[in-house]
There are 2 protein chains.
Amino acid sequence: MVKITDVARHAGVSPSTVSYALSGKRPISAETRRRVEEAVRRLGYRPHAGARALAGGRSKVLAMVVPLRAGINVPVVMRFAVSAVTTARRYDHDVLLLTQEEGEEGLRRVVDMALVDGLIVMDVQLDDPRLALLRGLDRPSVMIGFPADSKGLTCIDLDFKAAGEACVEHLARLGHRVVALVGSPPEVYVRGTAFAQRVVQGFTAAADRGRLTSAVHPCEPTPAAARAVAAQLLREQPALTGVVVHNEAALEPLIDAFEELGLRVPADLSVTAICPDELAASLRVPVTSIALPADEVGARAVELLMRKLDGKPVPEATSLSPRMTERGSTAQRAVA
Amino acid sequence: MVKITDVARHAGVSPSTVSYALSGKRPISAETRRRVEEAVRRLGYRPHAGARALAGGRSKVLAMVVPLRAGINVPVVMRFAVSAVTTARRYDHDVLLLTQEEGEEGLRRVVDMALVDGLIVMDVQLDDPRLALLRGLDRPSVMIGFPADSKGLTCIDLDFKAAGEACVEHLARLGHRVVALVGSPPEVYVRGTAFAQRVVQGFTAAADRGRLTSAVHPCEPTPAAARAVAAQLLREQPALTGVVVHNEAALEPLIDAFEELGLRVPADLSVTAICPDELAASLRVPVTSIALPADEVGARAVELLMRKLDGKPVPEATSLSPRMTERGSTAQRAVA
DNA sequence: CAACAACGTCGAAGCGCTTCGACTGGCGAA
DNA sequence: TTCGCCAGTCGAAGCGCTTCGACGTTGTTG
């Protein structure tokens, strides 16, 4: 194993100089730095993570808490995760993966062991049991999602309430008077998952404000469930002309189902979704949608955490404004 | 922070005794051990990960290399991952998440830094560029999947070739003479992803052996693609009566598409799949399938790695025999 | 032109843990 | 009775790194 003393010897300086040259925490002459970097390259030096963590008090590892609970859309969650990992690497950090089973105890464990410097917490619930723990921890954390009470925490997410509202308002503007929200699987609501609840709030509030007739239906993430929900919606609301879909897995089958039921999109039915742009744009009928900016959220979560690790102030709440892209699945309501 | 000296003081012993009491590497009297464990509990002692790694030469962290490449089924891959994490925890280890962008360089990096003790490598390709690296590394690794040449490596996976064969043989036994394989997305084959190629090999070999007429079609993981493939198959092979599906995302839409095209499953068309049992069992038409035992594979991969870390010998290849469950999607071929 | 900042570098002291060698009492074998 | 052993414990020596204080050297500035 190549250690810092090897580098020091090859560069003709002391180990502490090597350390300072690499960390930049003290001024080092350009010439010395060059020789150190040269030696690092020649020898393939890599600082020992444990030694560095012990001496420096920083492990350069972040914990990512990814509870892959029932009903969540795994591909979407993993987009956040991959983006976070990529961004962490840009800050020379690695990412430790924590899953559900570990639970709150696991968070405390990795912090107490000084295994990680900070935490990224995903799949936040309105009344999340991890909140108290995170507030009490002596390590910074960032949540992806807003719990009911985010006081003293750092949170970031798409403004899902505004997203739900924007969808309804878009439909209302096009003349639609009877609208429905096809949401996440029921388990997600039962748990009180923050983002799902907020979409419902926004959807309902905007519909009430606009005096629209509205309905909300959870939906399992399968084609069969999508078909069933489509049929049910039309049965309950034959006058339905606008649908908001907040369920990535159900979006495509749902549109297919509506068309099989004799409704053309957008001629007879306008559909808008909250989902990643790639998905909305790739469908047979490109869907007007509010982008779910998973990459941006994951990246910014890490950036916030890095700022906190540097002792810099960060906003408690970072709420990304919804951005709608009109694609072809929404149209003026046909006058009967 | 609670450190080992604190525990030692409270238990009335020396730090080294605490260390031995906790690691079991030297005999310690029952009474002393009791007092140490008591002190650990009272104080909430957690050994400092960095210090432990530095002194002990083991970080108790495993790297999991999860390249979420185009065309892979993310939920399935994450089942492996979650199972691996859970099992690692049972061995008191944590898991570091490495993604694609880091590439081979990332593997070397985390090993050189002594950040991880071993590696779990997923999404293996027949001619995987990481092979040489893994062979040369001075840390053990386990691959989930078999490359073309696995000499000197430790690999585990479902025997996908046998799985492909078993599906065909099952159909042949039921009298089917014209069969098709609906496979993974094209990118997966282009990359030479090991498991996908092996299914094709097994499928083709068994079909040839049984003198069946056969065809292989990749399929994108979308309902639209599934419909298109279904239509194309029937156009090219009107006599088709048996289908093997190796594509989780396309399975349900594919069955729907066949039925829309006028074929009843299993009366007119027998369908069998290679996928997780939960998926096969949950469909409207429960599908006869070869189980993809993601949980078992993930868990056993970690167990193999642990054995290697202990210096114990492990088999180079662990190939899990396919296990078929008949569900309702396959039937004797109707005599025309 | 003296006094005093930086600047650039070094040596030494730890960070918290594991592990090695050594020591102390029994206890069975010789 | 003595020797050797083993169980059970301790002290000290690191593991490889960061960081603190110190010490020349140059430049600045009143």
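Atom CG in A:Leu54 sits about 12 Å away from atom C1' in D:dG14, given to the nearest Å. In this entry the distance linking CG of A:Asp112 with P of C:dG16 reads 14 Å, nearest Å. Between A:Leu43 atom CG and D:dG16 atom C1' the separation is 15 Å, expressed in whole Å.
Using a 4.5 Å heavy-atom cutoff, the side chains of B:Ile156 and B:Phe146 are not in contact. A heavy-atom distance below 4.5 Å is found between the side chains of A:Arg108 and B:Arg46. Side-chain contact between A:Met1 and A:His48: present, with at least one pair of heavy atoms (C-beta onward) separated by less than 4.5 Å. Put simply, the side chain of A:Asp117 does not reach to within 4.5 Å of the side chain of A:Val61, judged on heavy atoms.
Overall bending of the helix from C:dC1-D:dG30 to C:dA30-D:dT1, expressed as the angle between end axes built from five pairs apiece, is 30° (10° steps).
Remark: A:Thr32 is not in phosphate contact with C:dG8, judged by side-chain N or O atoms under 4.0 Å from OP1 or OP2.
Here B:Ser14 lies in heavy-atom contact (under 4.0 Å) with a base.
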Practice item. Begin with the C-alpha distance, continue with both residues' side-chain angles, and end with the deciding distance and a verdict on side-chain hydrogen bond (donor to acceptor under 3.5 Å, both in side chains) for A:Ser29 and A:Thr32. Key: CA-CA 5 Å; A:Ser29 71; A:Thr32 300; 2.8 Å; yes
Practice item. For B:Thr17 and B:Ser14, run side-chain hydrogen bond (donor to acceptor under 3.5 Å, both in side chains): C-alpha distance rounded to whole Å, both residues' side-chain angles, the deciding distance at 0.1 Å, then the answer. Key: CA-CA 5 Å; B:Thr17 298; B:Ser14 74; 3.2 Å; yes
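Qualifying side-chain hydrogen bond (donor to acceptor under 3.5 Å, both in side chains) partners for A:Asp157, counting only residues two or more places apart in sequence or in other chains: none.
Side-chain proximity of B:Pro27 to the nucleotides D:dA7, C:dT9, D:dC15 is greatest for D:dA7.
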Study note, to complete from the structure: Heavy-atom contacts, protein to nucleotides 17-24 of chain D, under 4.0 Å, summarised as B (base), S (sugar-phosphate only) or - (none) per nt, yield BSBBBB--
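Between the side chain of B:Ser83 and the backbone N or O of B:Ala299 there is at least one donor-acceptor pair closer than 3.5 Å.
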